[in-house]
Amino acid sequence: MIGAAMAAAQWRVATVTAIRAETASVKTIRFEVPGWPGHLGGQHVDLRLTAEDGYVAQRSYSIASGAGTSPQIELTIDAVPDGEVSGFLHEELRIGDQIEIRGPIGSYFAWSAEHDYGLLLIAGGSGIVPLMSMLRSRAAAGATQHARLLYSSRSIDQIIYRSELDRLAAQTTHFTLTHTLTRETPSGWAGEQGRIDRVMLTRRQFTPAGDPDVYVCGPTAFVETIAEHLVAMGHRASNVRTERFGPTGAIRT
């Protein structure tokens with residue numbers, strides 16, 4: 001345990017090996033990280049940029065790739081308006097560039113196939129990133145307990161990982177995918193519409209039956225509201241794990 005903690009605390013020089021667009025404002029960046037100690041689904045890293053004049057900027061980003069010990073990891077980055085780090089990563093970063101990374105970090109908001117009790121996942125916007133890591137980890141491990149994802153996006157073109165999520169839902173009966181759109185809904189839309197509330201959670205079977213593990217990730221207000229609904233529905237508070245993005249949350253500008 002001490003050795004793992006020491007390994008996670010080390011800064012490593014990571015090399016960019018691939019960049020792909022997920023949406024108009026979201027990119028996934030793949031890094032080769034020599035000596036990477038491995039990670040669980042849901043964990044994150046610290047990323048550090050150092051300018052020529054010595055100025056240092058550091059941010060935390062969720063790991064998007066599934067659990068494992070491969071030295072190749074992926075981070076999915078949302079371009080935050082006026083965000084100095086996300087702006088650099090989107091506009092300046094190129095394949096072959098090197099950046100310092102430290103991790104993995106976080107054992108609270110993490111999922112392991114060794115403890116598969118059923119999974120309820122609720123995401124708002126780029127809060128899908130650590131939950132996607134869990135889903136990829138779950139698929140690779142062949143988990144058999146049912147998982148559900150309720151994913152809130154403003155519009156259909158802002159759904160991150162849309163094609164991959166559709167494939168995962170089509171490949172197994174152990175995963176149920178539900179999208180809700182809060183602003184623009186295309187003609188023929190078969191998913192939910194509007195913000196997630198207790199009625200929607202109940203309709204989509206996000207109930208405490210079976211005592212599943214619950215993970216909620218997104219903007220601070222979104223997460224706090226959803227967590228309140230879940231506890232009011234009967235979920236044990238200790239089963240509802242949350243990660244927040246934003247000024248009072250975890251990160252990411």
Side-chain angles (χ1 to χ4, degrees), residues 1-23 25-113 126-137 140-141 160-161 164 217 243-247 249-253:
M1 184 68 71
I2 295 176
M6 292 179 63
Q10 295 178 10
W11 287 101
R12 295 178 169 84
V13 177
T15 302
V16 178
T17 60
I19 302 173
R20 67 177 183 272
E22 302 287 355
T23 72
S25 63
V26 177
K27 290 184 178 181
T28 291
I29 304 169
R30 182 179 300 164
F31 295 92
E32 176 82 20
V33 190
W36 181 247
H39 66 278
L40 297 174
Q43 291 187 297
H44 64 275
V45 299
D46 289 337
L47 183 151
R48 183 167 68 185
L49 304 177
T50 303
E52 292 182 359
D53 63 1
Y55 174 75
V56 175
Q58 181 177 315
R59 298 290 186 275
S60 296
Y61 291 101
S62 295
I63 302 170
S65 42
T69 58
S70 169
Q72 295 268 354
I73 68 167
E74 292 187 341
L75 308 180
T76 298
I77 313 295
D78 188 6
V80 179
D82 299 319
E84 62 175 350
V85 175
S86 65
F88 172 83
L89 296 175
H90 268 255
E91 299 167 13
E92 305 295 335
L93 198 68
R94 300 290 184 268
I95 292 174
D97 287 350
Q98 293 185 320
I99 287 180
E100 291 180 289
I101 283 179
R102 177 174 65 185
I105 299 168
S107 58
Y108 168 73
F109 200 84
W111 180 86
S112 170
S126 59
I128 187 61
V129 177
L131 307 188
M132 192 66 193
S133 175
M134 295 179 191
L135 288 172
R136 288 166 170 164
S137 303
I160 305 170
Y161 313 127
E164 184 176 356
C217 189
E243 183 167 277
R244 300 163 174 82
F245 294 175
I251 7 195
R252 298 148 164 102
T253 62

Can a donor-acceptor pair be found, under 3.5 Å and without considering hydrogens, that links the side chain of [X] to the backbone of [Y]?
X	Y	answer
His39	Ser65	yes
Lys27	His90	yes
Gln98	Val13	no
Ser126	Asp78	no
Ser86	Ala79	no

Output the distance between atom [atom1] ([X]) and atom [atom2] ([Y]), rounded to the nearest 0.5 Å.
X	Y	atom1	atom2	value
Thr69	Trp36	OG1	CH2	11.5 Å
Arg12	Gln10	CZ	CD	4.5 Å
Leu75	Thr28	CG	OG1	8.5 Å
Ser133	Trp111	OG	CH2	10.0 Å
Tyr61	Ile29	OH	CD1	8.5 Å
Ile160	Met132	CD1	CE	10.5 Å

Restricting to side chain to side chain donor-acceptor pair (under 3.5 Å), what partner residues turn up for [X], sequence neighbours left out?
X	value
Tyr55	Glu84
Gln58	none
Ser25	none

In a check of side-chain contact (heavy atoms from CB on, under 4.5 Å) between Ile105 and each of Asp46, Val45, Ile63, which one passes?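 Checked Asp46, Val45, Ile63 against Ile105; only one passes side-chain contact (heavy atoms from CB on, under 4.5 Å): Asp46.
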
Below 4.5 Å, heavy atoms only, C-beta onward: do Phe109 and Met134 meet side chain to side chain?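 They are in contact (side-chain heavy atoms under 4.5 Å apart), so the answer is yes.
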
Polar side chain donor-acceptor pair, [X] to [Y], under 3.5 angstrom:
X	Y	result
Glu243	Ser62	yes
Thr76	Tyr161	yes
Glu32	Thr17	no

Determine the minimum heavy-atom distance between [X] and [Y], stating which atoms define it.
X	Y	answer
Gly127	Cys217	O-CB, 3.3 Å
Ile19	Val16	CG1-CG1, 3.8 Å
Gly41	Ser137	CA-OG, 3.7 Å
Gln43	Pro104	OE1-CB, 3.5 Å

State which residues pass salt bridge (Lys or Arg N to Asp or Glu O under 4.0 Å) with Glu74; sequence neighbours excluded, sorted by chain then number.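 With neighbours one apart ignored, the set is Arg20, Arg30.
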
Glu164: which residues meet the salt bridge (Lys or Arg N to Asp or Glu O under 4.0 Å) condition with it, sequence neighbours left out?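 If we apply the salt bridge (Lys or Arg N to Asp or Glu O under 4.0 Å) test to Glu164, skipping adjacent residues, the hits are Arg136.
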
Quick one: list whatever passes side chain to side chain contact (heavy atoms under 4.5 Å, CB included) with Leu49, sequence neighbours left out.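 For Leu49, the residues satisfying side chain to side chain contact (heavy atoms under 4.5 Å, CB included) (neighbours in sequence not counted) are Leu47, Val85, Phe88, Ile99.
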
Report the C-alpha distance between Gln72 and Phe31 in whole Å, list the side-chain angles of each, state the deciding distance to 0.1 Å, and finish with yes or no for side chain to side chain contact (heavy atoms under 4.5 Å, CB included). CA-CA 6 Å; Gln72 295 268 354; Phe31 295 92; over 6 Å; no

